[in-house]
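First comes the structure, then the notes that go with it.
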Amino acid sequence: MITSADLPKTLAVFPLPGALLLPRSRLPLHIFEPRYIQMLEDSLKTGNRLIGMIQPQTVKNETDALYSTGCAGRITQFSETDDGRFLITLSGLSRFRVIQEIVGFVPYRKCEVTWSEFNRDLGPCENTDTIDRFALLKLLKKFSVARGMKANWDALNDADNEVLVNSLSMILDFNPCDKQALLEAPGIADRYANLVTLMEFSLRTMDESETLQ
C-alpha cells in the first residue's frame, strides 16, 4: 500500500477555479495551453505521473495566491487530438498541503507540498453508514429541477455512497470558495453534510429571489 512517504515533495500544480478533484474520483481535463502541455509532458516522464489540482484564491491574474490545500491525481488516461490538444483523466490519489511555491525555470507552477495530514486519502473507501442516500437523491432531484439540470440517474443510483457524494461535490455548480470547503472536509461524512447544506442554501436563495420578483 502506498503511503505519504512514497509521494513526491514537489508537485506540478494546475490552478483552475471551480475544478475539484477528490481522492478515489476521476476528473477529465482538456489541455491546450503550451505551458500546461509542457506540464503534462514533464509529468508523464516521472514515475508517479502526478498533477496537483488546486484553486487560485482569485482569478484576477496568473500569479494569484493559491489555496493551501489541493488534491493530486495520477494521469490514467491520455490521448492527443490531431491539432495538438490533449484529453486526459486524473484519478484522485491524495490531498496535499502547500508549504511554499517554487520559483523555477518552467512555465507552469510548482509547489513544495506535504501529504502527512491526509493519510486517510490513501486508504480504502471510507465508512459511509451515516449518509442518508435516499434524502440526498431526493434533494438532488429538487435541485436539478430548480437549476434545469440533466442527470444520469441510472449511474447515480448505481454509485456507492462515497462515489455519489464525491461526484456531486465535483460536478455541481458551486462557487470556488464552496468547492474548496468540500475539498477540505475532513472525511466523507463532513463532505456529505457540507454538500447538503450548500444544495439547501442554493434552493432557498432561488426561492427568495423568485418571491422578490
Side-chain angles (χ1 to χ4, degrees), residues 1-31 36 39-40 42-44 46-56 66-79 86-99 108-128 131 136 152 155-156 158-174 176-195 198:
M1 173 181 164
I2 191 170
T3 68
S4 59
D6 300 318
L7 298 175
K9 292 182 172 59
T10 61
L11 186 67
V13 296
F14 190 0
L16 194 58
L20 186 62
L21 176 64
L22 293 167
R24 295 178 294 276
S25 300
R26 295 189 175 189
L27 178 67
L29 290 172
H30 177 200
I31 308 293
Y36 294 127
M39 178 190 69
L40 172 62
D42 290 348
S43 296
L44 287 169
T46 67
N48 50 56
R49 305 193 310 277
L50 294 179
I51 290 175
M53 296 302 300
I54 197 165
Q55 295 197 119
L66 303 172
Y67 277 103
S68 60
T69 303
C71 183
R74 190 187 307 277
I75 302 167
T76 51
Q77 292 186 15
F78 168 89
S79 63
F86 293 90
L87 305 175
I88 70 171
T89 298
L90 293 183
S91 294
L93 182 64
S94 173
R95 288 170 292 177
F96 59 86
R97 189 84 67 187
V98 173
I99 298 174
Y108 52 88
R109 300 172 76 170
K110 297 183 72 173
C111 292
E112 180 184 355
V113 301
T114 178
W115 313 84
S116 59
E117 299 175 50
F118 305 108
N119 287 319
R120 179 191 296 185
D121 293 353
L122 297 168
C125 292
E126 294 185 50
N127 186 325
T128 56
I131 291 173
L136 178 59
N152 185 340
L156 292 171
D158 290 341
D160 64 39
N161 284 351
E162 185 186 58
V163 171
L164 178 62
V165 170
N166 284 348
S167 296
L168 294 178
S169 297
M170 290 170 62
I171 65 177
L172 294 182
D173 186 23
F174 300 123
C177 183
D178 291 336
K179 290 275 192 177
Q180 191 67 24
L182 291 166
L183 172 68
E184 295 186 17
I188 195 69
D190 308 279
R191 186 169 300 124
Y192 162 74
N194 288 354
L195 178 64
L198 288 171

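Residue numbers count from 1 along this sequence. Bear in mind that the values here come from a model prediction, so they are computed numbers and not experimental data.
Between Cys111 and Val13 the shortest heavy-atom distance is SG-CG2, 4.1 Å. Here the shortest heavy-atom pairing between Pro8 and Asn48 reads CG-ND2, 3.7 Å. Listed here is the closest heavy atom pair of Met53 and Ala19: CE-CB, 4.2 Å. Nearest heavy atom pair, residue Pro15 against residue Arg109, reads CG-CD, 3.9 Å. Nearest heavy-atom pair across Leu183 and Leu21 is CD1-O, 3.6 Å. Scanning both residues, Leu122 and Ser4, for their nearest heavy atoms gives CD1-N, 3.4 Å.
One distance of note links CG of Leu11 with CD1 of Ile99; it measures 11.5 Å at 0.5 Å rounding. Note: Ile75 CD1 to Leu90 CG = 6.5 Å, rounded to the nearest 0.5 Å. Separating the CG atom in Leu136 from the CD1 atom in Ile131 is a distance of 8.0 Å, to the nearest 0.5 Å. Note that CG of Leu87 and NE2 of His30 are 5.5 Å apart. Values are rounded to the nearest 0.5 Å. The CG atom of Leu44 sits 10.0 Å away from the CE atom of Met39 when rounded to the nearest 0.5 Å. To the nearest 0.5 Å, the span separating CD1 on Ile54 from OG on Ser68 amounts to 7.5 Å.
Inter-residue side-chain proximity for Cys71 and Pro23 is flagged as met; some heavy-atom pair is nearer than 4.5 Å. Contact check for Thr10 versus Val113: no side-chain heavy atoms found under the 4.5 Å cut-off. The side-chain heavy atoms of Leu50 and Leu7, taken from C-beta on, include a pair separated by under 4.5 Å. A 4.5 Å side-chain heavy-atom check between Thr128 and Tyr192 finds every atom pair outside the cut-off.
Partner of Phe174 under the side chain to side chain contact (heavy atoms under 4.5 Å, CB included) criterion, chosen from Asn194, Leu20, Leu198: Leu198.
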Start with the C-alpha gap between Leu40 and Leu29, add the side-chain angles, then the distance that decides, and say whether side-chain contact (heavy atoms from CB on, under 4.5 Å) holds. CA-CA 11 Å; Leu40 172 62; Leu29 290 172; over 6 Å; no
Leu195 and Leu182: CA distance, side-chain angles, deciding distance, side-chain contact (heavy atoms from CB on, under 4.5 Å) verdict: CA-CA 7 Å; Leu195 178 64; Leu182 291 166; 4.2 Å; yes
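Classified by interplanar angle (parallel below 30°, tilted 30° to 60°, perpendicular above 60°), the ring pair Tyr36/Phe14 is tilted.
No donor-acceptor distance shorter than 3.5 angstrom exists from the side chain of Arg97 to the backbone of Phe118, with no hydrogens or angles considered. Of the possible donor and acceptor atoms, one in the side chain of Gln55 sits under 3.5 Å from a partner among the backbone N and O of Pro176. Under the 3.5 Å distance criterion, the side-chain polar atoms of Trp115 are left unmatched by any main-chain donor or acceptor of Lys9. The backbone N or O of Ile188 lies less than 3.5 Å from a partner atom in the side chain of Glu126, making a donor-acceptor pair.
Applying the salt bridge (charged side-chain N to carboxylate O under 4.0 Å, His left out) test to residues at least two apart or on different chains, none of the pairs has a partner in residues 179-194.
For the salt bridge (Lys or Arg N to Asp or Glu O under 4.0 Å) test, residues two or more places apart in sequence or in another chain that qualify with Asp121 are Arg95.
Using a 3.5 Å distance cut-off with no hydrogens or angles, the side chains of Ser43 and Arg49 do not pair a donor with an acceptor. For the residue pair Tyr108 / Asp42, a side-chain donor-acceptor distance below 3.5 Å is found, with atom types taken as modelled. For the residue pair Ser169 / Asn166, no side-chain donor-acceptor distance below 3.5 Å is found, with atom types taken as modelled.
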